[in-house]
Amino acid sequence: MSDLFSLAGRKALVTGGAQGLGRMIAEGLLNAGATVAITSRKAEICEAAAQEMSALGACVALPADLSTPEAAVDLVARYREALGGCHILVNNAGKTWGGDIDTFPDKAWPGVMAVNVQTPFTMIRELLPELGASGTPLDPARIVNIGSVAGMKTERLSAYSYAASKAAVHMMSRDLAGDLASRNITVNAVIPGFFPTKMTAHMRDEDVVDPALLAHIPMKRLGTPEDIAGIVVFLCSRAGAYVTGAQIPVDGGVVGCG
C-alpha cells in the first residue's frame with residue numbers, strides 16, 4: 001500500500017511553492033519521496049523555504065515572477081537546467097484582487113488573468129517535452145492546476161477577476177486533459193476551499209476563525225496542510241494514475257453540500 005502513494009524517483013515543479021497552499025503541497029510531495037523545485041516572486045523567501053524544506057527531501061529554489069509568459073518560459077529553461085526531467089507540474093501560483101463592484105478597476109483584470117490562466121498554460125506548453133517523455137500508459141506524467149471554490153460557486157468575495165480566472169482554469173484543465181491523454185499526461189484541477197493562508201488572513205485572528213466563515217463550511221473547520229497535500233499526492237502517485245479531467249473540491253463540503 002505504501003508503494004501506491006510513493007513518489008520516489010519523481011521530479012516535480014510547484015509554482016508558488018514557497019508559501020501558503022503551495023508550500024503545503026510541496027512538503028507533501030517531498031514527504032512522498034519526490035524531488036521538488038519551488039518558485040516564489042521574492043528570491044529570499046524562495047531560497048529560505050527551499051532550505052527549510054530540504055530537511056524533508058531534495059528541494060530546489062527557482063525564484064520567478066510569473067506575471068508574464070516570458071517569465072514562465074525562462075522558468076522552464078532554468079528548471080530544465082536544474083532538474084532535467086519532469087514527472088509532475090503543479091500550477092499553484094496565483095493572484096487575486098478584491099473590490100466593490102462600483103469601483104472595481106479595469107486594471108484588476110489583466111494581471112490576474114495572466115498569472116492565474118495564461119501562465120499555467122504557458123508552463124504546460126513549455127514542459128510538454130519533459131512531461132511526455134516521463135509518462136507511460138500505466139504511470140502518466142501529472143499536471144495539477146489549483147483552482148478555487150470561487151470559480152465553481154458564488155462566494156460573494158467581490159473578487160470578480162479572480163473568480164472568473166479560476167473558472168477558466170477549471171475548464172482549461174478539462175480541455176487539456178482531453179488533448180494530452182494520448183501523450184500519457186493527466187490533467188486535473190484541485191479546487192481548494194478555505195485554508196489558513198494569506199488569502200484568508202482577514203477572516204482569522206491567528207487561530208481564531210470568523211464564526212461566520214465556519215458556519216459557511218459544512219465541516220465547520222478550515223483545511224489543513226494534510227488535506228491539500230493528500231489529494232495532490234494521490235493524483236500524482238500510482239493511486240491516481242487513472243484520473244484525468246477531474247475537478248476535485250477540497251473544501252469541507254462548500255461546493256458539494258451547497
Side-chain angles (χ1 to χ4, degrees), residues 1-40 45-46 48-62 83 86-94 120 123 139-149 166 169-170 173 186-201 204 207 209 217 219 221-244 246-256:
M1 182 61 72
S2 61
D3 290 343
L4 193 60
F5 297 95
S6 172
L7 297 178
R10 312 289 177 89
K11 296 177 181 178
L13 172 58
V14 181
T15 65
Q19 296 177 293
L21 280 179
R23 177 154 181 168
M24 297 176 195
I25 291 167
E27 289 184 353
L29 296 176
L30 287 164
N31 280 323
T35 296
V36 179
I38 61 169
T39 77
S40 177
I45 291 175
C46 197
Q51 185 173 2
E52 291 167 5
M53 284 192 282
S54 291
L56 305 176
C59 189
V60 177
L62 295 174
L83 267 70
C86 185
H87 303 84
I88 298 164
L89 169 63
V90 180
N91 282 310
N92 166 78
M123 294 292 300
D139 188 13
R142 313 305 213 278
I143 297 168
V144 179
N145 294 324
I146 304 302
S148 171
V149 295
K166 290 303 184 179
V169 166
H170 303 161
S173 298
T186 67
V187 186
N188 293 289
V190 167
I191 301 168
F194 296 92
F195 282 74
T197 64
K198 283 186 176 180
M199 290 186 69
T200 60
R204 297 178 288 114
D207 293 332
V209 183
I217 303 169
M219 293 184 71
R221 68 171 177 86
L222 299 183
T224 68
E226 292 80 7
D227 293 326
I228 193 67
I231 193 66
V232 175
V233 169
F234 160 73
L235 288 172
C236 296
S237 68
R238 179 62 187 89
Y242 200 47
V243 180
T244 196
Q247 302 176 65
I248 306 177
V250 186
D251 62 359
V254 172
V255 169

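A quick note: this is a predicted structure, and the numbers were derived from the prediction, not measured.
Looking at heavy atoms from C-beta onward, Val209 lies out of side-chain contact with Phe194 at the 4.5 angstrom threshold. Side-chain contact between Leu222 and Ile217: present, with at least one pair of heavy atoms (C-beta onward) separated by less than 4.5 Å.
Here the shortest heavy-atom pairing between Leu30 and Gly57 reads CD2-C, 3.8 Å. Residues Ala241 and Thr186 come closest through the heavy atom pair O-CG2, 4.0 Å. Nearest heavy atom pair, residue Phe5 against residue Val233, reads O-CG1, 3.7 Å. Nearest heavy atom pair, residue Pro192 against residue Ile228, reads CG-CD1, 4.1 Å. Scanning all heavy atoms of the two residues, the minimum distance from Gly28 to Ala229 falls at CA-CB, 3.8 Å. When all heavy atoms of Cys236 and Val144 are compared, the closest pair comes out as SG-CG2, 4.0 Å.
To the nearest 0.5 Å, atom CE of residue Met123 and atom CG of residue Leu89 are 5.5 Å apart. Atoms CD1 and NE2, on Ile146 and His170 in that order, are 9.5 Å from each other to the nearest 0.5 Å. In this structure, Ile248 CD1 and Ile231 CD1 are separated by 4.5 Å, a value rounded to the nearest 0.5 Å. Atom CG of Asn92 sits about 8.0 Å away from atom OG1 of Thr39, to the nearest 0.5 Å. The line from CG of Leu13 to SG of Cys86 is 6.0 Å long, rounded to the nearest 0.5 Å.
Asn188 places a side-chain N or O within 3.5 Å of a backbone atom of Ala246 that can act as its donor or acceptor partner. In this structure, the side chain of Ser40 does not engage the main chain of Gly16 through any donor-acceptor pair within 3.5 Å.
With sequence neighbours excluded, the residues forming a salt bridge (charged side-chain N to carboxylate O under 4.0 Å, His left out) with Arg221 are Asp227, listed by chain and number. In this structure, the side chain to side chain contact (heavy atoms under 4.5 Å, CB included) partners of Ala12, at least two apart in sequence or on a different chain, are Leu29, Val36, Ile88. Under the side-chain hydrogen bond (donor to acceptor under 3.5 Å, both in side chains) criterion, Ser173 pairs with Asn145, not counting sequence neighbours. Gln51 pairs by the side-chain hydrogen bond (donor to acceptor under 3.5 Å, both in side chains) definition with nothing, not counting sequence neighbours. Asp139 pairs by the side-chain hydrogen bond (donor to acceptor under 3.5 Å, both in side chains) definition with Arg10, Arg142, not counting sequence neighbours.
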Result block: side-chain N/O donor-acceptor pairs under 3.5 angstrom for residues 17-25, not counting sequence neighbours:
unit_1, atom_1, unit_2, atom_2, d
Arg23, NE, Glu27, OE2, 3.0
Arg23, NH1, Glu52, OE1, 2.9
Arg23, NH2, Glu52, OE1, 2.9

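Applying the side-chain hydrogen bond (donor to acceptor under 3.5 Å, both in side chains) rule to pairs touching residues 228-244 yields nothing, sequence neighbours excluded. Screening residues 247-256 for side-chain hydrogen bond (donor to acceptor under 3.5 Å, both in side chains) gives no qualifying pairs among residues at least two apart or on separate chains.
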